[in-house]
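First comes the structure, then the notes that go with it.
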Protein chains: 2
Amino acid sequence: MHLSADDLVKTLRERSLRITKARRAICEVLATSHEEHMSAADILERARVRAGVAIDQSTVYRTLDVLEEFGYLHHVHLGHGAGVYHLSEESDHQHLVCEHCGTSVEIPLEELAPVLASVTARYGFVAEGVHFALVGTCESCAK
Amino acid sequence: MHLSADDLVKTLRERSLRITKARRAICEVLATSHEEHMSAADILERARVRAGVAIDQSTVYRTLDVLEEFGYLHHVHLGHGAGVYHLSEESDHQHLVCEHCGTSVEIPLEELAPVLASVTARYGFVAEGVHFALVGTCESCAK
DNA sequence: TTTCGTGCAAATTGTTTGCAATAGA
DNA sequence: TCTATTGCAAACAATTTGCACGAAA
């Protein structure tokens, strides 16, 4: 299930943050480009069109910060250049298995999304995060 | 086997590039901090000390570019902030295995470095890239 | 001597911040 | 009304580029 623009707006309202044209437009842009990785500049441009009013980049960054703080959004710096933003998906998770003690830790699949995306882009290989486990050494065994 | 400063200098010479104090110092810094992830600023500082002469940041970037172009160096943007550089190790690689046709593709381990690093930072889990394969669908099976 | 590589300074790109004006609750 | 949020402009951080001089080959 995907987050809608209204979901985002609602959470802003619930935290007694104000719903402005800029914020609404940014939420809409994020909600309607779900699987896409957008830079702040991309979001700004689309939000401007959608809002029909002037929106500043600083407003975009500030809004993204707020949403990220609440866990609705993530951003990563793939390769070089600008960071890319996208909404958090339902918490599919990925397992980290310790080869020493067998413990497994769950991490949100989203954490791996950036690499999986870049692997797809570069090698045409669609990785299935859920089908593999990361093997390594857990924190306590590392000591 | 690790690359020494001389190895690096030698390759520069072989390509008829000039061996300057700045370049030599940068090579030495890289060679003597093998497993470390250094930013360009770190490298600049250490190279300045080592060379005993003024070295400019642009020179550092240009030298790093050259070494990277020749495959002796990699850099990645982990998280935010400055990118980090490190010499290429023996080409450890990672396998992408297609679950449909069994084909496997090799990708440089370095490709996965960003996530592995963030997983370590966030969960104290040291992933061993070489011990897992990414399972998914390859380009031709995807059609 | 002939270029290549340098330092310097200024330009670029991506992101953040200070502040007075404005609009949401 | 009251104050959170905005746009603007300026500050920042990381990296790149233009250029004339100096130094490797």
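Because the structure is a prediction, the values reported are computed rather than measured. Chain letters run A, B, ... following the sequence lines, proteins first, then strands; residues in each count from 1.
Remark: C1' of D:dA14 and CE of B:Met38 are 17 Å apart, rounded to the nearest angstrom. Taking atom CZ of residue A:Arg48 and atom C1' of nucleotide D:dT6, one finds them 13 Å apart after rounding to whole Å. For A:Asp56 and C:dT16, the CG to C1' distance is 11 Å, given to the nearest whole Å. Put simply, CD1 on B:Ile43 is 10 Å from P on D:dT15, counting in whole angstrom units. As a whole-Å value, the separation of B:Arg23 CZ from D:dA23 P is 16 Å. For the pair A:Gln57 CD and D:dC12 P, the computed distance is 17 Å after rounding to whole Å. Going from atom CG of B:Leu64 over to atom P of C:dG5 covers 15 Å, rounded to whole Å. Rounding to whole angstrom units, CG of residue A:Leu44 and P of C:dT15 are separated by 12 Å.
In the model, A:Ser4 has no side-chain atom that pairs as donor or acceptor with a side-chain atom of A:Asp6 under 3.5 Å. For the residue pair A:Ser58/A:Arg62, the side-chain donor-acceptor check at 3.5 Å is satisfied.
Looking at heavy-atom distances under 4.0 Å, A:Ser58 makes contact with a base. Within the nucleic acid shown, B:Ala22 comes within 4.0 Å of sugar-phosphate atoms alone, with no base atom in reach, counting heavy atoms only.
If B:Asp65 and B:Ile19 are placed on DNA chain D by their nearest nucleotide, the residue sitting closer to the 5' end is B:Asp65. Toward the 5′ end of DNA chain C lies the nearest nucleotide of B:Lys21, the other residue of the pair A:Ala41 and B:Lys21 mapping further downstream.
The base of D:dT5 does not come close enough to the side chain of A:Arg62 for any donor and acceptor atom to sit less than 3.5 Å apart.
In this structure, B:Ile26 CD1 and B:Glu28 CD are separated by 10.5 Å, a value rounded to the nearest 0.5 Å.
Between B:Thr20 and C:dT6 there is a side-chain polar atom (N or O) within less than 4.0 angstrom of OP1 or OP2. Taking only side-chain nitrogens and oxygens, A:Arg18 never comes nearer than 4.0 Å to OP1 or OP2 of D:dT3. At the phosphate of C:dT16, neither OP1 nor OP2 sits under 4.0 Å from any side-chain N or O atom of A:Tyr61.
Between B:Leu73 and B:Glu68, the closest heavy-atom pair is O-CG, 3.3 Å.
Of the candidate nucleotides C:dA9, C:dG14, D:dT15, D:dT15 has the atom nearest to the side chain of B:Ala82.
In this structure, the side chain of B:Arg23 engages the main chain of B:Arg18 through a donor-acceptor pair within 3.5 Å.
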